[in-house]
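All figures in this text were calculated on a predicted structure; none of them were measured in a lab.
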Amino acid sequence: QSVGQPLTHALGVLYAEESLDGRLMVTASRDGTARVWDGHTGKPLTPPLKHRDFVLCARFSPDGQSVLTASRDNTAQLWDPHTGQALLPRPLSHGGAVLAAEFSPDGRHVATGSRDRTARVWDEKTGEPASPPLSHRSEVRSVQFSPDGARLLTVSCETLARLWDVQTGQELPISFRHAAAVTSAEFSADGQWILTASHDRTAQIWDAQGGQPFGPPLQHEDKLVAARFGGEGRSIVTITESGSVTVWETNSFRPRIEPL
């Protein structure tokens with residue numbers, strides 16, 4: 001049963017996220033706006049957070065005091081979720097659509113990934129670059145900080161996920177390679193493991209320090225679009241292009257729930 005009223009945009013909603021305390025919701029839309037809503041009543045709390053093109057994602061900071069938006073207009077921006085005012089005098093700019101954006105765990109940095117084949121790390125307070133551009137061979141679709149904030153994990157349209165030193169902007173001599181394009185990558189909650197999914201129809205757990213595979217590849221009958229840790233790392237959820245979902249046990253590498 002739904003609670004409160006629908007959160008409505010003029011065009012399709014592409015992303016939605018709840019603040020950690022559950023009091024706020026933020027949505028990102030094809031109508032060129034993000035909106036902040038009361039998490040209990042569904043009423044808008046601020047004016048629309050406006051971009052010049054689709055807003056592809058909107059993320060709350062760890063303390064809930066800012067919202068990070070990423071847009072197809074080649075920019076990301078930080079906003080006050082209580083007033084709707086932009087927090088940076090200039091948006092975070094790329095040479096192509098910004099496809100991904102995320103806060104560091106301590107909220108001091110933000111990372112963006114772009115169609116211009118770079119990821120960037122920025123100072124959250126000033127909006128200034130905190131490292132050189134992190135160059136890839138194709139558009140960067142995913143960025144994620146390690147739990148300690150020291151490393152950045154990126155996914156582009158390549159057959160590997162890359163790991164970077166946040167402070168220096170240098171690529172670390174570790175990669176997580178598949179036989180076809182990697183579609184998702186994420187750290188475990190303790191930062192010890194990395195989980196990848198690929199169009200080669202497998203998901204794989206890796207040692208985040210050394211880059212070695214941990215356990216066998218998790219084989220599927222179709223290309224994977226995503227894999228996520230669940231159950232405090234005790235399980236993995238995988239999703240294929242055909243829409244099937246499988247839950248795997250990480251101690252046995254066997255399906256706990258067969259494809260849905």
Side-chain angles (χ1 to χ4, degrees), residues 56-57 70 72 94-102 111-121 131-147 150-166 168-189 191-230 233 235-248 250 253-255 259:
L56 301 177
C57 73
R72 211 169 66 169
H94 277 268
V98 181
L99 306 177
E102 181 165 310
T112 51
S114 171
R115 196 164 282 159
D116 68 6
R117 302 183 180 183
T118 71
R120 300 298 305 264
V121 178
S131 70
L134 315 181
S135 296
H136 296 69
R137 295 190 179 93
S138 62
E139 63 185 37
V140 181
R141 296 182 171 184
S142 173
V143 292
Q144 188 195 28
F145 286 95
S146 58
R151 294 168 293 165
L152 188 72
L153 180 63
T154 60
V155 173
S156 61
C157 300
E158 299 179 70
T159 58
L160 74 164
R162 300 177 185 271
L163 201 56
W164 307 80
D165 184 294
V166 168
T168 66
Q170 296 297 306
E171 185 175 358
L172 298 174
I174 304 169
S175 61
F176 310 96
R177 189 175 293 275
H178 282 260
V182 174
T183 53
S184 75
E186 71 168 31
F187 282 98
S188 60
Q192 184 176 358
W193 310 106
I194 285 172
L195 173 64
T196 54
S198 171
H199 277 173
D200 69 6
R201 304 184 180 187
T202 70
Q204 180 68 59
I205 302 174
W206 310 82
D207 184 306
Q209 299 300 323
Q212 298 89 359
F214 175 73
L218 307 181
Q219 301 284 347
H220 297 72
E221 295 182 358
D222 197 3
K223 296 177 180 179
L224 289 179
V225 296
R228 298 285 183 263
F229 284 110
S235 62
I236 290 170
V237 180
T238 56
I239 305 170
T240 68
E241 277 194 343
S242 60
S244 69
V245 178
T246 306
V247 180
W248 305 76
T250 54
F253 305 105
R254 294 180 179 276

Could you list the residues that satisfy side chain to side chain donor-acceptor pair (under 3.5 Å) with [X], not counting sequence neighbours?
X: Thr118; value: His94, Asp116
X: Arg115; value: Glu139
X: Ser142; value: none
X: Gln144; value: none

Student check: side-chain heavy atoms of [X] and [Y] closer than 4.5 Å:
X: Val121; Y: Trp164; result: no
X: Asp165; Y: Leu172; result: yes
X: Leu56; Y: Val98; result: no
X: Phe176; Y: Ile174; result: yes

Pairs involving [range], ordered by first then second residue, that meet salt bridge (charged side-chain N to carboxylate O under 4.0 Å, His left out) (sequence neighbours left out):
range: residues 172-181; result: none
range: residues 205-230; result: Glu186-Arg228
range: residues 192-205; result: none

Handout entry: Distance-only side-chain donor-acceptor flag, Thr240 / Ser244, under 3.5 Å
Key = yes

Exercise for the section: Using only heavy-atom distances, determine whether the side chains of Thr246 and His220 contain a donor-acceptor pair under 3.5 Å. Expected result: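 Looking only at side-chain atoms, His220 and Thr246 do not form any donor-acceptor pair under 3.5 Å.
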
Once side chain to side chain contact (heavy atoms under 4.5 Å, CB included) is applied, do any residues pair with [X], and if so which ones, sequence neighbours excluded?
X: Arg254; value: Ser252
X: Pro213; value: Gln204, Trp206
X: Ala208; value: Arg151, Phe187, Ile194
X: Phe253; value: Ile205, Phe214, Pro216, Leu218

Rounded to the nearest 0.5 Å, what separates atom [atom1] in [X] from atom [atom2] in [Y]?
X: Thr238; Y: Gln219; atom1: OG1; atom2: CD; answer: 11.5 Å
X: Ser156; Y: Leu99; atom1: OG; atom2: CG; answer: 11.0 Å
X: Ser114; Y: His136; atom1: OG; atom2: NE2; answer: 11.0 Å
X: Glu171; Y: Thr154; atom1: CD; atom2: OG1; answer: 7.5 Å

Handout entry: Greater than 12 external heavy atoms within 6.0 Å of Arg141's CZ
Key =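 Counting other residues, nucleotides and ligands, CZ of Arg141 stays at 12 neighbours or fewer.
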
Looking only at heavy atoms, which two atoms of [X] and [Y] are closest? And how far apart?
X: Ala101; Y: Cys57; result: N-SG, 3.9 Å
X: Val247; Y: Ser235; result: CG1-CB, 4.1 Å
X: Ala119; Y: Leu152; result: CB-CD2, 4.5 Å
X: Val155; Y: Ala161; result: CG2-CB, 4.3 Å
X: Leu134; Y: Gly169; result: CD2-O, 3.3 Å
X: Ser198; Y: Ala180; result: OG-O, 3.1 Å

Problem - Check: Thr183 side chain, Leu224 main-chain N or O, donor-acceptor pair, under 3.5 Å - result: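 Yes; at least one donor-acceptor contact below 3.5 Å.
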
Practice task
Kindly indicate, with the supporting measurements, whether the criterion side chain to side chain contact (heavy atoms under 4.5 Å, CB included) is fulfilled by Thr112 and Val143.
Solution key: CA-CA 7 Å; Thr112 51; Val143 292; 6.0 Å; no

Exercise for the section: Taking salt bridge (charged side-chain N to carboxylate O under 4.0 Å, His left out) as the test, write out the residues that go with Glu241, two or more places apart. Expected result: none

